[in-house]
Amino acid sequence: MSQKIAGVKGMNDLLPGEIEIWQHVEALARELFGRFGYGEVRTPMVEDTALFVRSVGEETDIVGKEMYTFEDKGGRSLSLRPEGTAPAARAYIEHSVINQEPITRWFYMGPMFRYERMKTGRYRQFYQIGAEAYGAKEAAQDAELMDMVVQFLEALELKDVSLNLNSLGDEACRPAYHTKLVEYLRSKRESLCADCQRRLETNPLRVLDCKNEGCQAIAAAGPNVLEFLCEPCRAHFDDLKRKLTALGIKFVENPRMVRGLDYYTRTVFEVIASHPALGTASTVCGGGRYDKMMKGLGGPDVPAVGFAIGLDRLVLLLKESGRKFTSSPDLFVAVADEGSQTDALTLASRLRREGLRVDFDTRGGSLKSQMKRADKSGARFTLVLGEAERTSGQAKLKPMAGGEPIPVALDDVAKTLRAQPAATPAGPA
RNA sequence: GCGGCCAUAGCUCAACUGGUUAGAGCGCCGGACUGUGACUCCGGAGGUUACCGGUUCGAUCCCGGUUGGCCGCCCCA
């Protein structure tokens with residue numbers, strides 16, 4: 001017996017029955033983002049490793065220990081993309097888009113890869129839908145982007161989500177805050193948890209969102225990043241809050257929210273969904289402004305702001321909602337006798353050409369078994385084709401939810417079926 | 001990367017402290033009803049008990065390893 005081959009750990013198959021949810025979310029994103037003027041881009045899933053090292057940051061966990069990095073046969077160091085912002089920026093630079101238009105709005109969707117310990121809502125191949133706006137440093141751009149996220153989540157009918165907002169300042173004010181924070185945390189070192197004592201040296205900002213109660217109290221009493229913002233950063237943040245309010249977008253100002261990627265300046269935001277099905281994977285969207293990244297990658301000095309939505313987590317929430325996303329056939333064509341199979345196949349073909357969703361059991365078999373299949377398919381109507389129908393040219397549309405069969409000419413099936421009122425949701429007990 | 005829990009049919013789960021041929025529900029296939037699904041009844045297929053090794057007269061059960069899944073930490077979407 002040959003060995004069974006299993007899928008790679010942390011990388012999942014999506015089959016019919018579940019894929020419809022993904023398609024629903026993706027279709028909605030394309031439609032809605034298009035309304036906002038965002039165009040879709042597709043970049044390769046593999047990039048030069050240096051792209052991520054220079055943008056995401058060498059010291060981040062993502063680059064430091066989670067990338068799928070390998071050498072190709074030409075000796076190049078390549079990596080499976082762990083996120084989508086850097087590849088999009090690379091494409092933007094490479095195609096000199098800045099010289100063609102002053103403002104560019106892009107979105108993308110597709111798989112990302114991080115070698116991590118798996119959990120609910122966290123996989124090694126996971127999917128993001130992201131958007132990036134290049135060329136506008138104004139707070140209005142941040143606000144428009146967040147409006148798009150909010151409208152997207154609303155359209156998905158997701159409840160219990162909250163938008164967290166913060167500003168990390170820029171190169172003019174962040175260093176002073178950083179120094180002050182480290183100074184303060186050092187003075188409280190003995191009271192911090194073991195993890196935070198380590199973070200103090202590696203990534204002091206991370207102490208701010210430690211779950212430990214003692215650390216939270218210490219962080220809350222420490223220097224507030226928002227109080228260290230320089231005047232331009234302060235003005236930008238205030239402007240953003242005013243515009244969000246004008247848009248009717250509720251947000252929570254959270255001066256202790258930090259993000260794991262190095263490229264952010266000024267605005268950072270997260271959308272948190274509180275649902276038990278997500279466990280600790282409650283962040284469904286994260287984003288922010290990265291005004292310095294383009295230049296850092298050797299491109300033009302172009303400001304940018306973007307976000308990424310975790311599609312896997314959205315799908316988990318939609319599964320929990322119990323909503324149905326599958327669509328059923330309009331008609332099932334059943335064959336009464338073997339001699340009618342070719343005509344049935346031809347009929348099904350014609351009706352599909354006319355736009356109907358038609359199911360048909362190509363194996364034939366007893367009429368009873370075909371009826372069972374028709375029932376299971378969820379088809380609205382079943383049409384039985386046999387010798388009698390072929391000679392008379394007349395058949396019946398049997399409503400699977402119950403009721404009287406509707407006489408129909410074989411030449412008129414699509415028209416007659418479309419004229420039928422939608423099935424009544426109410427059924428007998 | 002660290003700590004803990006778990007793995008039996010396609011799915012959800014049984015099988016007293018180690019003891020004959022590993023069961024049920026759902027699903028699937030067929031029949032009762034030979035041109036009509038659902039409800040009911042009857043029957044059938046489907047398992048190397050995740051994998052490898054050990055202890056034992058005997059292992060689904062005990063032990064070790066591997067792989068995979070879940071939870072917390074870390075981190076993030």
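This one's a predicted model, so the numbers in the text were calculated from it and none came from an experiment. Order of the sequence lines sets the chain letters (A, B, ...), proteins ahead of strands, with each chain counted from 1.
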Just call it for A:Y123: base, sugar-phosphate, or nothing, with non-hydrogen atoms closer than 4.0 Å on any strand.
base
Taking atom P in both B:G10 and B:C28, what distance in whole Å separates the two?
15 Å
Which whole number of Å gives the distance between the C1' atom of B:A14 and that of B:U8?
9 Å
When the P atoms of B:A9 and B:A77 are considered, how many whole Å apart are they?
37 Å
How far, in whole Å, is B:U40 from B:G23 if one measures between their P atoms?
25 Å
Report yes or no: do A:E132 and A:T85 form a side-chain donor-acceptor pair below 3.5 Å?
yes
Using modelled atom types only, decide if a donor and an acceptor are shared between the side chain of A:D330 and the backbone of A:A379 within a distance under 3.5 Å.
no
Take atom CD of A:E116 and atom P of B:C70, then tell me their distance rounded to the nearest Å.
14 Å
On a whole-Å scale, what distance lies between the C1' atoms belonging to B:A59 and B:G18?
7 Å
Taking atom types as modelled and ignoring hydrogens, do the side chains of A:D142 and A:T267 form a donor-acceptor contact shorter than 3.5 angstrom?
yes
Which is true for A:M112 with a 4.0 Å heavy-atom rule: it touches a base, it touches only sugar-phosphate, or it touches nothing?
nothing
Of the residues in residues 32-52 of chain A, which ones touch RNA chain B at a heavy-atom distance under 4.0 Å?
none
Under the ring-ring contact (aromatic ring centres under 6.0 Å, His included) test, which residues partner A:F360, sequence neighbours left out?
none
At under 4.0 Å between heavy atoms, what does A:A388 touch on the DNA or RNA strands: base, sugar-phosphate, or nothing?
base
From A:L78 CG over to A:F70 CZ, what is the distance, rounded to the nearest 0.5 angstrom?
4.5 Å
Between A:C285 and A:G7, just flag the one whose closest nucleotide in RNA chain B comes earlier from the 5' side.
A:G7
Can you check whether A:Y127 stacks with the B:A77 base, using ring centres under 5.5 Å and planes within 30°?
no
With rounding to whole Å, what would you report as the distance between B:A22 and B:A45 at their P atoms?
14 Å
Testing the 3.5 Å rule here: is there a donor-acceptor pair between the side chains of A:D343 and A:S340?
no
Is the phosphate of B:G69, meaning OP1 or OP2, less than 4.0 Å from a side-chain N or O of A:K9?
yes
B:C70 to B:C11 separation - P atoms, rounded to the nearest Å
15 Å
Checking side-chain polar atoms at under 3.5 Å, does A:E26 have a donor or acceptor matched by the opposite partner on A:Q23?
no
Taking side-chain hydrogen bond (donor to acceptor under 3.5 Å, both in side chains) as the definition, give me every residue that meets it alongside A:S369, ordered by chain and number, with sequence neighbours left out.
A:S366
OP1, OP2 of B:C71 versus side-chain N and O of A:T120: anything below 4.0 Å?
yes
Counterpart base for B:U55, defined by Watson-Crick or G-U wobble contacts under 3.5 Å
none
Collect all protein-nucleotide pairs involving nucleotides 3-7 of chain B in which both atoms are nitrogen or oxygen and the distance is under 3.5 Å.
unit_1: B:G3; atom_1: O6; unit_2: A:R117; atom_2: NH2; d: 3.2

Distance below 4.0 Å between A:K368 side-chain N/O and B:G37 OP1 or OP2
yes
Using residues 305-320 of chain A as the side-chain source, report each donor-acceptor pair under 3.5 Å to any protein atom, sequence neighbours left out, with the distance given to one decimal.
unit_1: A:D312; atom_1: OD1; unit_2: A:Y127; atom_2: N; d: 2.7
unit_1: A:R313; atom_1: NE; unit_2: A:G121; atom_2: O; d: 2.7
unit_1: A:R313; atom_1: NH1; unit_2: A:T283; atom_2: O; d: 2.8
unit_1: A:R313; atom_1: NH2; unit_2: A:G121; atom_2: O; d: 3.2
unit_1: A:K319; atom_1: NZ; unit_2: A:E18; atom_2: OE2; d: 2.8

For a quick test of your reading: what N or O donor-acceptor pairs under 3.5 Å do the side chains of residues 391-403 of chain A make, sequence neighbours left out?
unit_1: A:T391; atom_1: OG1; unit_2: A:E387; atom_2: O; d: 3.1
unit_1: A:T391; atom_1: OG1; unit_2: A:A388; atom_2: O; d: 3.0
unit_1: A:S392; atom_1: OG; unit_2: A:A388; atom_2: O; d: 3.0
unit_1: A:S392; atom_1: OG; unit_2: A:Q394; atom_2: N; d: 3.1
unit_1: A:S392; atom_1: OG; unit_2: A:Q394; atom_2: O; d: 3.3

Name the closest nucleotide to the A:K376 side chain, picking from B:G37, B:C28, B:C75.
B:C28
Base of B:G1, side chain of A:E66 - is there a donor-acceptor contact under 3.5 Å?
no
Using the P atom as the reference point in each nucleotide, state the distance between B:G19 and B:A38 in Å, no decimals.
42 Å
